[in-house]
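Lettering follows sequence order; numbering is per chain, from 1.
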There are 2 protein chains.
Amino acid sequence: MEVPLPASRPLRADAQRNREALLSAARQAFLAGDTDAHVKDIARSAGVAIGTLYRHFETREALIEEVYRTEVDVLCAAPGELLDQHPPEEALRRFLLLLVDHAAVGKGMSSVLEAIMATDSPVFDDARTRMADALSLLLHAGSAAGTVRDDVTGPTLLRALGGICGMRATEGWLAEARQITALLFDGLRHGAPQAA
Amino acid sequence: MEVPLPASRPLRADAQRNREALLSAARQAFLAGDTDAHVKDIARSAGVAIGTLYRHFETREALIEEVYRTEVDVLCAAPGELLDQHPPEEALRRFLLLLVDHAAVGKGMSSVLEAIMATDSPVFDDARTRMADALSLLLHAGSAAGTVRDDVTGPTLLRALGGICGMRATEGWLAEARQITALLFDGLRHGAPQAA
DNA sequence: ACCTAAACGGAACCGGACTCACCTTATGGA
DNA sequence: TCCATAAGGTGAGTCCGGTTCCGTTTAGGT
């Protein structure tokens, strides 16, 4: 129950191996669509006992978050690149769709994005903050350029996207989600100082 | 486990009393904000045993749905009235905000609205269908009048709203939700045949 | 080799929803 | 009025997850 600090002391070799096995097993399960895989199964398919799982991760949620941390990293790096290559408005549009599409990579990812975006769970505080910052960056760039309204904050928009990702469940959800996101985007432009 | 058909045979007097007590206790709890009140507590505060609760309601979810059925009825009646008193576009705007505000009446309502709107649970099939129909009505009226885009369906919009209601959790969520809803509305008008 | 802190294992626990076999009582017909 | 009987009520018990705890094992430094 005391997740070792990142660099407190290098993990023992076997511990390192197990930790990785757990992450890999969990990733496997989530990407396979088993959004709510049981901790026991994850542990078993990692060739480890539950106790070991809990030595490495405070809770089931914490394990999940760790699995997706790299995904979140990738996502949060996107805005910078997008702004380099596109005008702010377009960068924002692309990022919104990128998020939604990302949520589609296996049902697993979307449920985590949702958890990150739509809940208050302290486990996701870090991820949430980073993603809200990423959005703020885009919104500010857009409103500075006058093509995006300036009264919407990163965190607010993040919540909305979280809600949209919460739509996953039905057959055609991705199409629906994209459509709604486009709608939201139109709404963001609509109130812009100098736009339609 | 076999919810009596509405009018198969009039419930025995005591059964009727208990059923009502359960609904009332549940309503009480949900409106008080205890979104995930335990079935035992609900049963206890209704003065009956768990078994009795389960005689009347298939599952916890079913009880919840029943509690909110009347709410949903009210909500679904609104579009008709709104269309009588306002142009389609304005009726739509008002209805969207009405939904969000309704979700704010106690955290309980919002979680149920969310469950109705954002999941596939068969328990809410009925409510979901009715609400999607209500939205379709407004959307059609709006697109017929040329003030609302015509490529968004009731069910899709319902999902989006469900997502937004899923935002409840944080302090300022209502303000955020209203803002996002307004954004969505702007988006709906944006692609309209003859609009901005 | 030996020692010890680190890591592991897994039975036990706990907190929920839900079930079931048995008991209680409303009710309608004699 | 009273009884038969089926509708209704009961609550201990089951099931199913996540989580904890402590005795055992082992990596890895001396």
Side-chain angles (χ1 to χ4, degrees), chain A residues 1-26 29-30 34-67 111-112 115 119 121-124, chain B residues 1-26 29-30 34-67 111-112 115 119 121-124:
Chain A
M1 182 153 179
E2 90 312 343
V3 179
L5 304 178
S8 60
R9 199 171 315 191
L11 281 179
R12 222 168 73 175
D14 55 344
Q16 182 65 33
R17 239 179 298 125
N18 285 335
R19 175 171 238 278
E20 242 124 62
L22 281 165
L23 284 171
S24 142
F30 297 149
D34 190 1
T35 309
D36 30 43
H38 304 320
V39 281
K40 273 179 185 163
D41 294 341
I42 294 176
R44 185 150 42 79
S45 73
V48 143
I50 321 100
T52 301
L53 187 155
Y54 278 94
R55 164 166 301 271
H56 289 288
F57 306 96
E58 277 200 38
T59 81
R60 186 177 174 284
E61 260 197 331
L63 168 58
I64 299 180
E65 199 227 353
E66 188 60 34
V67 165
S111 78
V112 172
T119 76
S121 163
V123 181
F124 298 123
Chain B
M1 179 151 176
E2 90 313 343
V3 178
L5 305 178
S8 61
R9 201 171 312 192
L11 281 179
R12 227 168 70 175
D14 56 344
Q16 181 66 33
R17 239 179 297 124
N18 284 336
R19 176 170 236 279
E20 242 124 60
L22 281 164
L23 284 171
S24 144
F30 297 148
D34 189 1
T35 310
D36 30 43
H38 305 319
V39 280
K40 270 181 186 162
D41 295 339
I42 294 175
R44 184 149 44 78
S45 73
V48 300
I50 321 100
T52 302
L53 187 155
Y54 278 95
R55 169 171 298 276
H56 288 288
F57 306 96
E58 277 200 39
T59 82
R60 187 175 172 284
E61 261 196 332
L63 168 59
I64 299 179
E65 200 228 352
E66 189 59 34
V67 166
S111 76
V112 172
T119 75
S121 163
V123 181
F124 297 124

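Of the candidate nucleotides C:dC8, C:dA17, D:dG8, C:dA17 has the atom nearest to the side chain of B:Y54. When each of D:dG9, C:dC18, D:dT19 is scored by its nearest atom to the side-chain atoms of B:T59, the top-ranked nucleotide is C:dC18.
Note on the helix from C:dA1-D:dT30 to C:dA30-D:dT1: angle between the axes of the first and last five pairs equals 10°, rounded to 10 degrees.
Between B:I50 and A:G51, the residue anchored nearer the 5' end of DNA chain C, judged by the nucleotide with its closest heavy atom, is A:G51. When each of B:N18 and A:K40 is assigned the nucleotide of DNA chain D bearing its nearest heavy atom, the one mapping closer to the 5' terminus is B:N18. Along DNA chain C, the nucleotide nearest B:R60 and the nucleotide nearest A:T52 are compared for position; the residue whose nucleotide lies closer to the 5' end is A:T52.
Atom CD in A:E58 sits about 16 Å away from atom P in D:dG18, given to the nearest Å. Rounding to whole angstrom units, CZ of residue B:R55 and P of C:dC23 are separated by 16 Å. Summarising the geometry, the separation between CZ on B:R44 and C1' on D:dG9 is reported as 18 Å, rounded to the nearest angstrom. Look at CZ on A:F57: it is 16 Å from C1' on D:dT19, rounded to the nearest Å. Taking atom CG of residue A:L53 and atom P of nucleotide C:dA11, one finds them 16 Å apart after rounding to whole Å. The separation between B:D34 atom CG and C:dG16 atom P is 11 Å, rounded to whole Å. Between the C1' atom of D:dT19 and the CD atom of A:E61 lies a distance of 14 Å, rounded to the nearest Å. When rounded to the nearest whole Å, the span between CG of A:L22 and P of D:dG18 equals 14 Å.
Phosphate contact (OP1/OP2 of D:dG9, side-chain N/O of B:H56, threshold under 4.0 Å): present.
In this structure the side chain of A:V67 never reaches within 4.5 angstrom of the side chain of A:F57, judged on heavy atoms.
Residue B:A25 comes nearest to B:A46 through the heavy atom pair CB-CB, 3.9 Å, listed as atom of the first residue, atom of the second, then distance. Closest approach of A:I42 and A:L22 over heavy atoms only: CG2-O, 4.1 Å. The shortest heavy-atom contact between B:T59 and B:Y54 is CA-CE2, 4.1 Å.
Of the possible donor and acceptor atoms, one in the side chain of A:R60 sits under 3.5 Å from a partner among the backbone N and O of A:A37.
Each of A:D41, A:D34, A:D36 was checked for a side-chain contact (heavy atoms from CB on, under 4.5 Å) with A:H38, and the lone residue meeting it is A:D41.
A salt bridge is defined here as a Lys NZ or Arg NE, NH1 or NH2 lying under 4.0 Å from an Asp or Glu carboxylate O, and A:R17 with A:D14 fails to meet this definition.
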Between the protein and nucleotides 28-30 of chain C, which nitrogen or oxygen pairs come in under 3.5 angstrom?
none

Atom pairs under 3.5 Å, N or O on each side, protein against nucleotides 28-30 of chain D: can you list them with distances?
from: D:dG28; atom 1: OP1; to: A:A13; atom 2: N; distance (Å): 2.8

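Taking CG of A:L53 as the start and CZ of A:R44 as the end, the distance is 13.0 Å to the nearest 0.5 Å. Note: B:R55 CZ to B:R19 CZ = 12.5 Å, rounded to the nearest 0.5 Å.
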query: What do the steps show when you test B:L23 against B:L63 for side-chain contact (heavy atoms from CB on, under 4.5 Å), and what is the final call?
result: CA-CA 7 Å; B:L23 284 171; B:L63 168 59; 3.9 Å; yes
